[in-house]
Amino acid sequence: MEHQASLQLTSSGADYSAHQKIGLAFIGVGLLALLITFLGEGALNPTVTLALSLAGLLTGSGILFARMLHQPAGVNNNGVWFSGATARGMAGWILGIVFTGFYILLYWTPSNLEQLIRGTDALSYAIRGSAADQWFLYGLFYTLAVLVMGIRMLIKYRDNRYQILRTISVMFFQLGLAFLIPNLMVLLNQPEFYFSYFWPLKYDYLWPSTFSSLTQGPGLGIFLLFWTAVMTVIATPVLTYFFGKRWYCSWVCGCGGLAETAGDPFRHLSDKSARAWKIERWMVHSVLVFVIVTTLMLWGNQWMGGGLLGGMSQEFSRWYGFFIGLIFAGVIGVGFYPVMGSRVWCRFGCPMAAVLGLLQKYFSRFRITTNGGQCISCGNCSTYCEMGIDVRWYAQRGQNIVRASCVGCGMCATVCPRGVLRLENGPLEARYNGPVLIHHDDMSVQLDETWKQSRPLMPPVQEDLPILTDDDL
Amino acid sequence: MARHIVIIGNGITGITAARFIRKLSDDRVTVVSSETDHFYARTALMYIYMGHMRYQETKPYEDHFWSRNRINLVRGYATQIDPGQKVVRIADGNDIAYDALLLATGSQSNKFGWPGQDLLGVQGLYGMQDLTLMERNTRNIAHAVVVGGGLIGIEMAEMLHARQIPVTFLVRENSYMDYLLPKEESALINREIAEHGIDLRLNTELKSIRGRKTAEAVETSQNERIECQFVGLTAGVHPNIDLAKASGIDTNRGIVVNEFFETSLPDIYAAGDCAEFNADGIGSRRIEQLWYTGRAHGKVVAKTLCGHRTPYQKGVFFNSAKFFTMEYQTYGDVPAQSEPHIRSRLFQSGRKLLRINSDRESGRVLGFNAMGVRLRQDQCEAWIRSGTSIKNVLASLGKARFDAEFYSNAVYRQAAAV
């Protein structure tokens, strides 16, 4: 098609309304103030310029979002593949580089972010009782991104109660459990603890170092250990059995929360090929093995008083923290949103997702069902699956979708124009159904034996997914 | 000895047939298409124009699927069939020999001889070439007119609207699609069209299209002149029978076939949109032009092509559509006009509508219409097949719900209160 994503920043052909121009102007002022804070060397008071920046960004976003309210409610992905920002055009690559660059500065040279950090001091003193560091700045930006883009989600999907509740949930967990409470705990002289993260995503929560610091530290340490153990060992499998991994990945988790809000404009960029699925399975399970081995080595070493392979376990944990915790989860996971979609980390790297996925696949009531023969193979479901599941492949043959990676965001069912997909928690029997396109019975015939013998039956058509063969014969 | 089965047309019928032939036999399979290199979902054409998807997202199978399953794809235009020599002639000069041939050539847009219908900027919408043309024809235009109140017409209006092109939508009927939909359903769609800012002109037909080389305006049956640079002609489609006709195969409106999809010539079959069942065929509708019927035809004809002659039988009718943001599903018998033997119960709450028809005498359930709510096809079909009483259906309607979790249950509450 001629209409391709190019150098444009936004959709082509569309004239900007006065409304949009005002919104964009505010965002421009906000970005400028952010740049001044970042580069200003403190010439201007960073608290003032950062506050100005946030005010500009929030007001501008608000104005742009308000415009969405004037359009009728309903799925609207118009121009997603035309806009440079959302279709890997130049704007998309610039965004990706800016996000990635921010993570690199944050992890390796936070001194470059000094003025931005100082700009958040006032807030940090108020809720944490101490000066800000780069992690406070990061937490603040992260939470604001989830909240602001969460509001966009609430408007965009305002006629879909599943999407509304799910978005409110991730906004709540990010703001409360991943930002305010950990900081308030510091203010109250307690350990900085994240109630919504568990091992193996928060890998060090089951490492001996955390155990010793919590048991020897002040106040709530024992309770926090108890919480971690209960959530990891009991709540995770039980909740996943009843609801699938979505209870965590698209309702609670902070990584998921950012993907579902700030990442929503990029969800269609995930790779749907069978090859990508293969890579995904190798990678995510390798990371899971890596974290399990590291954790076991650390404990073994602890019990043996450092006798297990010397400092090897420490090396392992350092490498895990560096490659998986920093590079994968942060730099690639978020930095690559505009290039590889919003769930790169969740799909290829997150060991928590791997555990939840195994539980979901083999020990859960959750599945996505398809509605008889109503699928028209249009491809909206696959396109907007952030996890890169080729949903259509199942839907067009009337087969339930039971996939380890599905985070249950419900977007396939939301964008389906024919009401074909439904997220369900149901009994385990017949959860894996075969291809059962409706009218299957009318059109299937009992082949008589002589015909079968005269014509050797070929193996079923290879359709890439080694799950079930087509039993249509 | 493996035979060679050649299929003309890589739409849903041709491709479904090819896939099932491969499942059933070791015969060689070749699919010829002049439209695209690979099978794509025609139903998704609108989404490409609107920017929801690109062409590659509309392909239901990855490109390597075809060679891996030994389904040979040929890009070319079949001009003639030589039934004596059993050869299909392709426009580039190559001949393809066949043992069995399936024509799945689909449809073409109707043109009713309107003055100006061949001007530049005037077109229908059926295939990929139409979409490319529409892309070119709608560049930097100020106003568009869409003619014809069917599914493609409303899709075209939505497409243009998504590109912020103002649209006037000429519909012959009193109310959108009132020839297929009862008046409440039709009224909901009228409202939906208006809410999206489309200038809907009911009771209005196209008289002529004006312009020197390109379209400049249309004149309507109301003697109005509407300035426009693009005219979408979407007054239905008809079977594409050019190839069959040129090759001496019996045709009427479509390529004439029996219930085994056999044409008048041996070893030549036709299925999908292009086929017309002969008098001995089945059911009242002799030409079936839905995605779903195309898929069903392809599956059945594959069995016949593989040597197991199988008649086509219709199941309980179903269809679905989406009119702007309004989803629609229908199961069984829901005529537009009320009929004496049918009792129709309507439950409506705002933009959500549920209609259940039953037999006035026996109370057996006959059909469902759902708008803005989703119903489970296998449940509705099971009720209709078994002739379940309307009383029992209303009492257990929850079993048929297919809405997303937490969805409004207003219409179901109404139904349960009956």
Side-chain angles (χ1 to χ4, degrees), chain A residues 1-3 11 13-15 72-75 77-83 159-162 165 268 272-274 371-374 376-380 382-383 392-393 396 410 413-415 417-419 422-423 438-439 442-443 445 447 451 454-458 460-464 470 472-473, chain B residues 12 19-20 22-26 41 43-44 47-48 50-55 57-60 62 65 68-69 131-132 135-136 140 162-164 195-196 291-292 295-296 299-300 303 306-308 310 313 315 318 320 322 324-325 327 329 374-378 381 402-408:
Chain A
M1 298 303 94
E2 294 168 46
H3 207 109
S11 56
D15 290 325
V75 175
N77 287 314
N78 293 344
V80 160
W81 282 107
F82 300 151
S83 163
D159 67 340
N160 187 310
R161 226 176 273 171
Y162 183 75
L165 290 172
H268 54 285
K272 314 303 190 297
S273 68
N371 195 4
Q374 289 278 25
I376 53 170
S377 299
C378 71
N380 273 297
S382 296
T383 304
R392 163 175 54 192
W393 189 89
Q396 67 191 358
T414 302
V415 299
R418 303 300 171 103
R422 185 172 193 262
L423 279 61
I438 210 149
H439 296 154
D442 333 334
M443 286 187 291
V445 282
L447 302 182
W451 190 74
S454 67
R455 256 165 207 289
L457 293 178
M458 295 308 295
V461 176
Q462 281 186 48
E463 305 200 69
D464 249 337
D470 195 328
D472 203 70
L473 292 170
Chain B
I12 181 64
R19 288 176 50 240
F20 277 89
R22 178 49 67 245
K23 284 172 202 271
L24 293 166
S25 81
D26 196 23
T43 47
Y47 299 113
I48 301 178
M50 291 162 72
H52 295 206
M53 286 188 267
R54 298 169 299 174
Y55 166 60
E57 276 84 32
T58 68
K59 291 193 274 190
E62 290 187 56
F65 174 86
R68 266 214 338 273
N69 288 294
L131 189 72
T132 311
E135 189 67 57
R136 214 163 40 230
N140 304 316
R163 292 277 191 96
Q164 280 121 20
E195 275 176 9
H196 282 80
W291 176 266
Y292 307 122
R295 188 177 63 198
K299 196 167 169 179
V300 177
K303 295 193 167 95
C306 291
H308 192 78
T310 307
Q313 290 165 330
F318 71 100
S320 67
K322 192 174 183 186
F324 285 91
T325 61
E327 286 177 25
Q329 297 176 331
R374 296 173 169 182
L375 293 181
R376 204 180 280 273
Q377 180 176 4
D378 49 8
E381 216 178 90
F402 202 72
D403 301 307
E405 294 153 298
F406 309 114
Y407 199 78
S408 158

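Below, chains carry the letters A, B, ... as their sequence lines are ordered, and counting in each starts from 1. Only a predicted model underlies this, so the values are computations on that prediction, with no experimental measurement involved. Atom set for the values below is all heavy atoms of this structure, side chains included, hydrogens, waters and symmetry mates excluded.
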As an exercise: rank B:Glu327, B:Met53, B:Lys322 by heavy-atom pairs under 4.5 Å with chain A and give me the winner. B:Met53

Most chain B-contacting option - heavy-atom pairs closer than 4.5 Å, from A:Gly419, A:Ser377, A:Ala73: A:Gly419

Which of the residues A:Thr414, A:Val80, A:Asn380 is involved in the greatest number of heavy-atom pairs with chain B at under 4.5 angstrom? A:Asn380

B:Arg54 CZ to A:Thr383 OG1 distance, which is reported to the nearest 0.5 Å: 8.5 Å

Inter-residue atom distance B:Thr325.OG1 - A:Asp159.CG, 0.5 Å rounding: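 The distance works out to 7.0 Å.
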
How about A:Asn78 and B:His52: do any of their side-chain heavy atoms sit closer than 4.5 Å? yes

If one checks every heavy atom of A:Ser382 against chain B at 4.5 Å, the contacting part turns out to be neither

A:Arg422, part contacting chain B, at a heavy-atom distance under 4.5 Å: both

Judged by atom type as modelled, is there a donor-acceptor pair below 3.5 Å linking the side chain of B:Thr43 to the main-chain atoms of A:Ile376? yes

Any donor-acceptor N/O pair, B:Arg295 side chain to A:Gly373 backbone, under 3.5 Å: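 Between the backbone of A:Gly373 and the side chain of B:Arg295 there is a qualifying donor-acceptor contact (under 3.5 Å).
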
Among side-chain atoms of B:Ser320 and A:Gln374, is any donor-acceptor pair under 3.5 angstrom? yes

Check each atom of B:Leu375 against the heavy atoms of chain A and say whether the ones under 4.5 Å are side chain, backbone, both or neither. backbone

What part of B:Tyr292 gets within 4.5 angstrom of chain A, counting heavy atoms only: side chain, backbone, both, or neither? side chain

